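Structure, as structure tokens:
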Amino acid sequence: MDPNRKSSLLIIYTGGTIGMKEDPLDHTLKPFDFSQILTEVPELGKFALKIDSIAFDPLIDSSDVDPGMWKELARIIHDKYDNYDGFIILHGTDTMAYSASALSFMMDGLNKPVVFTGSQLPIGVARTDGKENLISAAEIASAVDREGHPRVPEVCIYFDSLLMRGNRAVKVNSDEFRAFSSPNLPPLAIAGIDIRYNDELIRKPLDWYGTPSVNTTLDTRVSILKLHPGITSELVGHVLLSPGSRAVILETYGAGNAPSATWFLDLVREAVAQDKILLNVTQCLSGRVNMGIYATGRSLERAGVINGYDITTEGALGKLFHLLGRSGDQDWVKSMLRRNLKGEITVLKDPS
Ligand code: ASP
């Protein structure tokens with residue numbers, strides 16, 4: 001990249017708390033006009049950056065996010081790809097980790113940063129965390145390495161001084177500024193006095209110059225079943241055997257354990273016999289599934305349940321929507337679930 005050329009960023013405002021400011025007339029919070037971003041956040045003007053913005057219409061509280069919005073985001077990034085060096089997606093925090101995960105799977109060959117951020121307090125209130133989040137996200141999205149390549153060519157989430165891989169992040173706090181965590185992968189960067197990048201963790205593309213391909217076909221026939229003591233066979237049967245689903249994310253205990261009751265294992269076997277994909281994801285915030293440790297986990301493995309390793313539920317949902325959308329072949333999807341596609345699982349030398 002020409003060192004004298006200004007980096008250019010596109011900010012895509014989808015909705016959420018960050019873009020709100022108080023209306024001086026009636027004191028309610030209203031979305032501000034993002035074409036005036038430099039007036040609202042003048043600090044952005046201190047970087048040598050060309051910043052454009054577009055806003056969704058209507059703006060979306062992220063509880064209303066659906067795969068249609070992910071397709072729209074992927075389409076915008078794809079269409080504008082050659083015009084910008086990086087993309088910032090301003091998004092409500094509630095489902096940000098789902099959106100970042102899904103997008104990471106939908107784009108192949110990404111070689112520029114796509115940084116999601118948002119805030120716990122609106123950008124227009126005095127103690128907002130939104131300004132710091134946006135300013136640092138802009139610095140990260142425009143950062144280049146010694147060769148002039150983007151420093152973080154990944155889909156990520158920046159929040160409260162942490163840059164996390166998008167498909168590793170989870171929302172962990174509803175009222176503190178540290179709203180996100182990446183329990184199974186250290187941050188890709190930490191912003192303090194300097195922004196310290198964890199370069200060895202950051203994924204690099206095979207090709208620095210191509211435009212990524214975007215796959216917007218998603219198959220949402222996926223359910224999530226969270227196990228709990230007292231869960232009934234009726235409920236388990238409904239979810240596992242539902243004719244409307246091709247896959248179930250089984251949120252199990254600890255290292256991937258589930259009840260040893262015969263009725264439970266019979267239902268699991270029946271679902272597998274019906275060609276459903278059952279993916280074992282732990283309910284624990286950190287750590288991984290290892291179905292070889294306890295007899296209860298081993299029975300799931302023998303019944304044909306797939307190991308989700310250390311994937312998050314948010315990551316598993318995006319990965320499944322994407323893979324099921326790509327193929328009707330359940331065996332192919334199972335084989336891809338075992339593979340690390342976008343840095344979403346930690347592959348150990350001898351994965352179990
Ligand atoms: N409910 C809001 C949303 O996720 C909260 C936020 O913006 O953080 O859109």
Side-chain angles (χ1 to χ4, degrees), residues 10-23 26-34 36-37 40-41 44 53-74 76-77 87-104 106 114-138 140-141 155-183 187 191 220 224 285 312-318 321:
L10 180 65
I11 298 179
I12 308 169
Y13 177 46
T14 65
T17 301
I18 189 166
M20 305 278 169
K21 73 173 196 180
E22 197 176 283
D23 184 326
D26 63 6
H27 301 289
T28 58
L29 287 172
K30 299 210 169 116
F32 75 82
D33 175 3
F34 260 78
Q36 305 299 314
I37 183 93
E40 297 298 337
V41 191
L44 284 173
S53 66
I54 50 178
F56 270 43
D57 182 17
L59 295 167
I60 303 171
D61 181 294
S62 80
S63 312
D64 282 325
V65 158
D66 67 8
M69 187 249 208
W70 300 337
K71 294 179 192 183
E72 178 66 4
L73 278 174
I76 294 172
I77 293 171
F87 299 84
I88 295 179
I89 301 177
L90 300 181
H91 191 293
T93 55
D94 290 345
T95 60
M96 191 187 292
Y98 287 94
S99 295
S101 292
L103 233 66
S104 75
M106 289 166 74
V114 174
V115 184
F116 279 75
T117 194
S119 68
Q120 294 284 60
L121 276 178
I123 216 158
V125 306
R127 287 180 53 253
T128 186
D129 53 332
K131 283 195 180 187
E132 193 285 316
N133 285 347
L134 175 54
I135 293 162
S136 296
I140 289 165
V155 177
C156 18
I157 290 182
Y158 178 80
F159 217 92
D160 192 39
S161 79
L162 301 180
L163 182 73
M164 293 154 275
R165 178 167 298 147
N167 56 34
R168 292 292 196 142
V170 276
K171 184 170 180 182
V172 290
N173 203 307
S174 61
D175 54 19
E176 290 177 8
F177 287 148
R178 181 57 59 88
F180 287 88
S181 171
S182 170
T220 59
I224 300 175
L285 186 56
T312 61
T313 295
E314 293 86 336
L317 198 77
F321 280 6

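Bear in mind that the values here come from a model prediction, so they are computed numbers and not experimental data. Order of listing sets the numbers, starting from 1, for every ligand and every atom in it.
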Practice item. Compute the shortest N/O to N/O distance between Asp94 and ligand 1 and return yes if it is under 3.5 Å, no if not. Key: yes

Revision key, fill the gap. Closest non-hydrogen contact found for Phe180 with Val172 is C-CG2, 4.0 Å

Practice item. Report, in ascending order of atom number, the atoms of ligand 1 lying under 4.0 Å from any heavy atom of Gly16. Key: 7 (O), 9 (O)

Point to revise | Candidates Thr117, Val65, Ile60 - the one meeting side-chain contact (heavy atoms from CB on, under 4.5 Å) with His91 | key: Val65

Exercise for review: Output yes when the distance from some N or O of ligand 1 to some N or O of His91 is under 3.5 Å, and no in every other case.
Suggested key: no

Exercise for review: Report the residue from Ser101, Ser104, Ser182 that forms a side-chain hydrogen bond (donor to acceptor under 3.5 Å, both in side chains) with Asn167.
Suggested key: Ser104

Exercise for review: Check whether any side-chain heavy atom of Pro187 sits under 4.5 Å from a side-chain heavy atom of Leu163, and report yes or no.
Suggested key: no

Check your understanding: Do any nitrogen or oxygen atoms of Thr93 come within less than 3.5 Å of a nitrogen or oxygen of ligand 1?
Key -> yes

Check your understanding: So do the side chains of Phe87 and Val115 get within less than 4.5 Å of each other, counting heavy atoms only?
Key -> no

Practice item. Would you mind checking which non-hydrogen protein atom is closest to atom 4 (O) of ligand 1, with the distance to 0.1 Å? Key: Ser62 OG, 2.5 Å

Check your understanding: ligand 1 and Ser63, any nitrogen or oxygen pair closer than 3.5 angstrom?
Key -> no

Point to revise | Expected output: side-chain Asp129 to main-chain Gln120 donor-acceptor under 3.5 Å | key: yes

Point to revise | Nitrogen or oxygen of Thr17 less than 3.5 angstrom from that of ligand 1 | key: yes

Review point. Looking at ligand 1, does Ser119 have a heavy atom less than 4.0 Å from it?
Key: yes

